[in-house]
Amino acid sequence: MPTFEIYVVDAFTTARFGGNAAAVVVIPHDKDMDETTMQNVASEVNLPMSAFVKAQSGDQASYKLLWFNPTAKAAFCGHATLAAGHVLLNILKLPATSIKFDLPAGVLSASKGSADEIVLQFPSSPPTVVTEPPSAYRTVLHAFTGLSVADIKTAVFYYAPRANDLVILLDGVDDTKFAALDFAPSADTSREILALNMRAAVFVARSQRDDTDSIARVFHINNAGFDEDQVTGSAHTIIAPLFSSLFGMQRIRAHQCSRRGGRMLIEMPDSDTVVISGHAVTVIQGNIST
């Protein structure tokens, strides 16, 4: 019976039980695991996402990477990618200071920073402004419980086609109140929101704190429900070009203020690239037999 190393990692945090949790399964180059087994493992551990990394032909600097949530294969996951980089570079301490992940959509690089943070390079996902938003967009805003027109100066709607996300930029929202809000559509409004057929609703605002530039909340909007994504790397590949174009920021200290919370540093060395840096903490490590 094949046995593989497995790790549970909290990504985008320096504190255990914070950030976003992911399982990381390491597959040696001389072993294999089919996708049905990967899905079974992801269902068994039942974390938001599981990452499966396999060394390419004994090359410790190149890995194939796939992601599975408890019910399906995922097209992409930022926090599980950071978790995978943390396991390979900080826990297994590979001799390479940077590695390449071979993804279905291309190649992504990960490196180790001076404070053991993991640095990932993503393609930028710039959103486009929606000048005449449909009523369902405003329904999404109003479902952000407690948030009314009186609570904000303006709300601008954007659509991010690469991620299929609705992005709502809020102005004049207090950080503490923003963190305390919830996304709670009624039974009637749920049907209208689901008809948008989008991946997620991303609420973002400029922070009023001296040590933070952006604050965000991300909620899934699909038939599985409206669960909050605790920390979302992919959403920040949208926030980065948005803040760069609107506010001239090429370096953003980002806080996703969900219940578990997470922080990352976002940089845009050019218009096509978003560099995301974040810490991770190993919570569990062991072996799994398949």
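For the residue pair T37 and N40, no side-chain donor N or O sits within less than 3.5 Å of a side-chain acceptor on the partner. Judged purely by distance below 3.5 Å, without hydrogens or angles, the side chains of T232 and Q256 pair a donor atom with an acceptor atom. Side-chain contact, S234 with T237: no donor N or O sits under 3.5 Å from an acceptor N or O. Under the 3.5 Å distance criterion, with hydrogens and angles disregarded, a donor-acceptor pair is assigned to the side chains of T282 and H86. No donor-acceptor contact under 3.5 angstrom links the side chains of Y158 and D165, judged on distance only. For the 3.5 Å distance criterion, the side chains of S186 and D188 fail to qualify, holding no donor opposite an acceptor. A donor atom on one side chain and an acceptor atom on the other are found under 3.5 Å apart for S135 and E192. A donor-acceptor pair shorter than 3.5 Å cannot be found between the side chains of E117 and S277.
Note that the CD1 atom of I91 and the OH atom of Y7 stand 7.5 Å from one another [nearest 0.5 Å]. Taken to the nearest 0.5 Å, the CG atom of L66 stands 12.5 Å off from the SG atom of C77. Interatomic distance, Q250 CD to E267 CD, rounded to the nearest 0.5 Å: 10.5 Å. With rounding to the nearest 0.5 Å, the separation of CE in M38 from NZ in K73 is 8.0 Å.
Taking both residues in full, the closest heavy atoms of V231 and A11 are given as CG2-O, 4.5 Å, listed atom of the first, atom of the second, then distance. Looking at every heavy atom in both residues, P241 comes nearest to P126 through CG-CA, 3.7 Å. Shortest non-hydrogen contact noted between L65 and A84 is CD1-CB, 4.4 Å. Residues R263 and D211 approach most closely at NH1-O, 4.4 Å, considering heavy atoms.
Under a 4.0 Å N-O distance rule, the pair R259/E228 does not qualify as a salt bridge. One finds no salt bridge joining R209 and D175 here, because no Lys/Arg side-chain nitrogen approaches an Asp/Glu carboxylate oxygen to under 4.0 Å. With respect to D32 and K54, a salt bridge is recorded, a charged nitrogen being found less than 4.0 Å from a carboxylate O. Between K64 and D102 no salt bridge is recorded (no basic side-chain N to carboxylate O distance below 4.0 Å).
Using a 4.5 Å heavy-atom cutoff, the side chains of F12 and I276 are in contact.
For the pair R206 and F247, the cation-pi test (distance below 6.0 Å, angle within 45°) is passed.
Within 6.0 Å of CG in D210 there are 12 or fewer heavy atoms belonging to other residues, nucleotides or ligands.
Residues that satisfy the ring pair (Phe, Tyr, Trp, His ring centres under 6.0 Å) test with F122, not counting sequence neighbours, are F76. Partners of F52 according to the ring pair (Phe, Tyr, Trp, His ring centres under 6.0 Å) rule, which considers only residues two or more places apart in sequence or in another chain, are F68.
Cluster partners of V275, by chain and number: V119. The rule joins Ile, Leu, Val, Met, Phe, Trp and Tyr whenever side-chain heavy atoms lie under 4.5 Å apart.
Evaluated for a side chain to side chain donor-acceptor pair (under 3.5 Å) with D10, the options H79, R260, R16 yield exactly one hit, R260. Applying side-chain contact (heavy atoms from CB on, under 4.5 Å) to P127 and the options L169, L166, L242 leaves one that passes, L242.
With ring centers used as reference points, F219 lies 6.0 Å or more from F226.
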